[in-house]
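Presented below is the structure to which this report refers.
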There are 2 protein chains.
Amino acid sequence: MIIAPDSLMARVGEAMNVLNGLAERHPDAISFAAGRPAAEVVAWPTLDDALDASRIARAGTAAWQYGPTPGLLGPLISALWAADEGGSIDPEAVIATTGAQEALWLVLTALFEPGDVLLVPDPTYVGATGAAAVARVPVAPVWPLTPERVAATVEALAAEGRRARALYLVPDFANPEGDTLDEATRRALVALARRTGLLLLEDSPYRAFAFEAPPPPSLLALDGQGHVVQLGSFAKTLSPGLRLGWLAWPGAPAEAFAALVRAKSFVTLNTSALTQALAEGFVRRSGAPGLRALTAPARSLYRSRRDALVDALERRLGRVDARWSTPGGGFFLSLRLPFDFDTDDMHACAARHGVLVCPMHLFSPTGRGRDTLRLAFANVEPDQIAEGVDRLARALEARC
Amino acid sequence: MIIAPDSLMARVGEAMNVLNGLAERHPDAISFAAGRPAAEVVAWPTLDDALDASRIARAGTAAWQYGPTPGLLGPLISALWAADEGGSIDPEAVIATTGAQEALWLVLTALFEPGDVLLVPDPTYVGATGAAAVARVPVAPVWPLTPERVAATVEALAAEGRRARALYLVPDFANPEGDTLDEATRRALVALARRTGLLLLEDSPYRAFAFEAPPPPSLLALDGQGHVVQLGSFAKTLSPGLRLGWLAWPGAPAEAFAALVRAKSFVTLNTSALTQALAEGFVRRSGAPGLRALTAPARSLYRSRRDALVDALERRLGRVDARWSTPGGGFFLSLRLPFDFDTDDMHACAARHGVLVCPMHLFSPTGRGRDTLRLAFANVEPDQIAEGVDRLARALEARC
């Protein structure tokens with residue numbers, strides 16, 4: 001099934017309005033709605049020290065001037081990748097971007113011909129479907145996200161004379177469901193990409209936050225031959241305030257990579273050299289070899305919040321026949337209810353019980369997940385988690 | 001004449017390759033080619049002090065988190081405008097952007113229907129024509145840029161069933177020619193916009209740098225009723241390293257403004273809250289009421305460089321029948337030669353004489369200006385200006 005840009009825009013626009021309006025109307029409620037990192041782990045004590053430690057900044061006045069279009073992050077990304085994943089990324093294959101959102105935007109702008117289709121999981125990150133809608137790229141949701149389903153969708157589109165240009169996905173502790181793709185699925189997707197020419201757009205902002213076992217190898221590590229584009233983000237590992245990310249595409253066809261760089265130069269000219277220098281200097285100053293080491297304190301904080309949430313759900317949701325995942329990392333937990341929970345219920349829950357939750361169907365281009373909630377726990381204090389789940393339990397019991 | 005995106009892209013791509021390759025191949029040459037501000041006026045002594053002075057940063061952890069899509073710059077832009085122009089801008093009409101480039105990109109993405117045409121001066125800023133090409137917006141160059149010509153182009157397009165959606169222009173000390181629109185032309189363009197629905201996209205990064213008389217009122221000051229969109233930039237007044245700008249559209253139709261905000265959320269999510277806080281704190285800490293006051297030292301530096309350039313041209317170009325403008329502000333001077341000067345001459349000039357200049361036709365979507373050079377003087381030291389003009393004179397004399 002293909003969803004055309006206009007109808008996708010209507011759906012995404014409604015979801016954005018609902019989500020934005022919710023927090024504004026209930027500023028004092030306990031919020032499981034916002035997928036934000038914890039304030040205490042992303043605010044830095046000093047900027048000047050980070051800048052002092054930066055090699056980028058030390059190159060004359062580089063941090064204060066216009067910079068090269070692909071940016072200056074190649075060596076940093078390559079070094080972090082070697083420490084975290086044990087592999088290598090060619091620094092020349094990296095473009096610094098204004099967050100992972102711009103990385104996706106550049107792909108949609110530069111690599112999609114008119115009529116090309118973007119495959120997405122269902123539900124998925126609303127920033128991906130929203131970008132497709134604004135860029136007028138039609139979307140085909142794939143559910144469940146199995147290699148067989150993806151292959152069938154690619155074939156069905158080809159039979160209609162359309163090209164499935166790329167599959168967007170969050171393999172690790174995904175927003176919104178919190179789940180992680182197993183290794184066999186990853187390998188099969190890479191094989192499929194190699195066979196069909198489908199690009200895999202790997203968005204993995206939560207990968208550093210694995211609470212127990214590390215997640216399976218990244219798609220990029222399994223390929224590195226041009227079939228995987230990494231959409232990188234420092235929003236959760238360093239700070240959302242930097243609005244800094246990257247696009248890494250080792251093995252890219254030269255012409256396609258050049259088209260991305262050209263698009264970058266006309267969308268935002270170049271990424272802030274200052275924020276690039278700050279990120280590089282902050283990492284260098286921390287002494288951490290990679291993002292796993294750098295984020296150890298944050299990971300431990302988020303794990304304790306995940307535990308607090310699961311404990312509270314076990315304690316309080318006994319009277320409701322609900323089921324939930326125990327995510328192995330990241331920011332999100334899925335809570336499945338024995339009844340539908342729509343935006344009216346969400347508003348009632350906020351107004352009467354003072355707790356904000358997101359119905360999963362807001363993240364679905366097809367309206368899936370009407371009986372499921374997304375609970376974001378990373379930016380909620382443990383005592384607020386307990387109180388929030390109390391309130392949610394009362395709201396759900398009232399619905400039973 | 002309409003230029004289709006593909007042929008425009010070919011032309012712009014060639015110009016970008018030429019310009020980028022030039023500086024890379026001749027790093028030690030004296031460069032009149034780069035439209036950069038002087039390093040000494042855009043590098044800040046401290047970041048922490050700027051952040052301390054920021055109201056944005058003081059609002060909890062706002063500088064370190066995701067921010068609202070329209071950003072946090074409204075009050076600052078409004079205050080600066082009141083000090084510099086004596087008028088008022090509704091803070092709610094402001095969207096913080098990743099530089100003026102993103103402001104233009106959002107307009108092209110959100111306000112243009114397929115087939116709508118962008119009018120541009122000829123020559124013009126290559127970032128404008130490049131953005132149109134990547135966004136697949138056809139362009140109609142208008143030369144000379146008179147209200148009569150603009151009106152005739154709007155009518156000619158309408159007769160073909162096409163809509164002239166907007167006119168992009170740099171009214172003050174324009175890149176690339178350095179010239180300034182007179183007040184009568186500005187008033188006539190605003191009247192034309194009101195009559196026809198043509199939007200005026202006012203990009204004015206050099207306005208604060210008027211060396212003698214202040215420039216005529218800005219287009220936005222002459223309208224403010226929704227016919228002018230201001231594409232704002234802090235690159236020259238604060239620092240290019242911030243990559244921070246804004247879009248201000250007082251009097252915008254609500255639906256069109258909402259479409260811009262929606263596009264913003266899917267192109268780059270939101271503008272870095274940290275760079276917004278730094279800009280606001282830096283201005284506050286300076287004690288300057290507006291950008292004119294803040295940039296007084298830079299303006300004086302640039303005026304002395306303009307004077308050094310004009311002096312050197314007068315002294316050294318006697319044997320060449322060249323003519324030049326004396327720009328009343330900004331970064332650029334146009335030098336007209338009695339013969340054509342193409343990219344081969346540019347390369348020869350760089351390789352044999354060690355001086356970099358830009359043929360004006362690189363900035364023209366139609367190849368106009370083959371006998372004209374753009375000389376950027378803002379980031380060249382006075383002794384380098386004298387030496388650079390010596391070298392240029394020798395190169396030109398060799399051509400005579």
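Chain A is the first sequence line, chain B the second, and so forth, proteins listed ahead of strands; every chain is numbered from 1.
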### Gly241(A) backbone acceptor or donor facing Ser272(B) side chain under 3.5 Å
yes
### Query
How long is the span from the CD atom in Glu40(B) to the CH2 atom in Trp64(A), to the nearest 0.5 Å?
14.5 Å
### Task
Identify which of Val42(B), Leu278(B), Leu47(B), Val134(B) forms the greatest number of heavy-atom pairs closer than 4.5 Å to chain A.
Leu47(B)
### Query
If you round to the nearest 0.5 Å, how far is OG1 of Thr69(A) from CG of Asn20(B)?
6.0 Å
### Query
Which of the residues Thr109(A), Leu238(A), Asn270(A) is involved in the greatest number of heavy-atom pairs with chain B at under 4.5 angstrom?
Asn270(A)
### Query
In terms of heavy-atom pairs under 4.5 Å with chain A, which of Ala277(B), Gly67(B), Ala133(B), Ser265(B) leads?
Ser265(B)
### Message
Looking only at heavy atoms and a cut-off of under 4.5 Å, which of Ala50(A), Ala43(A), Ala273(A) has the most pairs with chain B?
### Response
Ala43(A)
### Query
Measuring heavy-atom distances to chain B, does Leu51(A) have an atom under 4.5 Å in its side chain, in its backbone, in both, or in neither?
side chain
### Query
Under the 3.5 angstrom rule, does the side chain of Arg36(A) hit a backbone N or O of Gln65(B) as a donor-acceptor pair?
no
### Message
Between Val12(B) and Phe266(A), does the side-chain contact (heavy atoms from CB on, under 4.5 Å) criterion hold? Intermediate values first, please.
### Response
CA-CA 11 Å; Val12(B) 170; Phe266(A) 297 122; 3.4 Å; yes
### Summary
Interface check, chain B: of Ala131(A), Ala100(A), Ala110(A), most non-hydrogen pairs under 4.5 Å belong to Ala131(A)
### Task
Output yes when a side-chain donor or acceptor of Asp48(B) lies under 3.5 Å from a complementary backbone atom of Thr46(A), and no otherwise.
no
### Task
Below 4.5 Å from any heavy atom of chain B, which atoms of Pro37(A) appear? Answer side chain, backbone, both or neither.
both
### Query
More than 12 foreign heavy atoms under 6.0 Å from CZ of Arg58(B): is that the case here?
yes
### Message
Looking only at heavy atoms and a cut-off of under 4.5 Å, which of Ala103(A), Ala34(A), Ala135(A), Gly130(A) has the most pairs with chain B?
### Response
Gly130(A)
### Query
Do side-chain atoms of Glu102(B) reach the backbone of Thr268(A) as a donor and acceptor pair under 3.5 angstrom?
no
### Query
For the atom pair CG (Leu244(B)) and CZ (Arg243(A)), what is the distance rounded to the nearest 0.5 Å?
14.0 Å
### Task
Mind ranking Ser239(B), Gly245(B), Ala235(B), Ala258(B) by heavy-atom pairs under 4.5 Å with chain A and telling me who comes out on top?
Ser239(B)
### Query
Checking heavy atoms, do the side chain of Ala263(B), its backbone, both or neither come under 4.5 Å from chain A?
both
### Task
Examine whether an atom of Val126(A) lies under 4.5 Å from a heavy atom of chain B, and if so say whether it belongs to the side chain, the backbone or both; otherwise answer neither.
backbone
#### Entry: Interface residue of largest heavy-atom contact number with chain B, from Leu274(A), Val267(A), Asn379(A), under 4.5 Å
Val267(A)
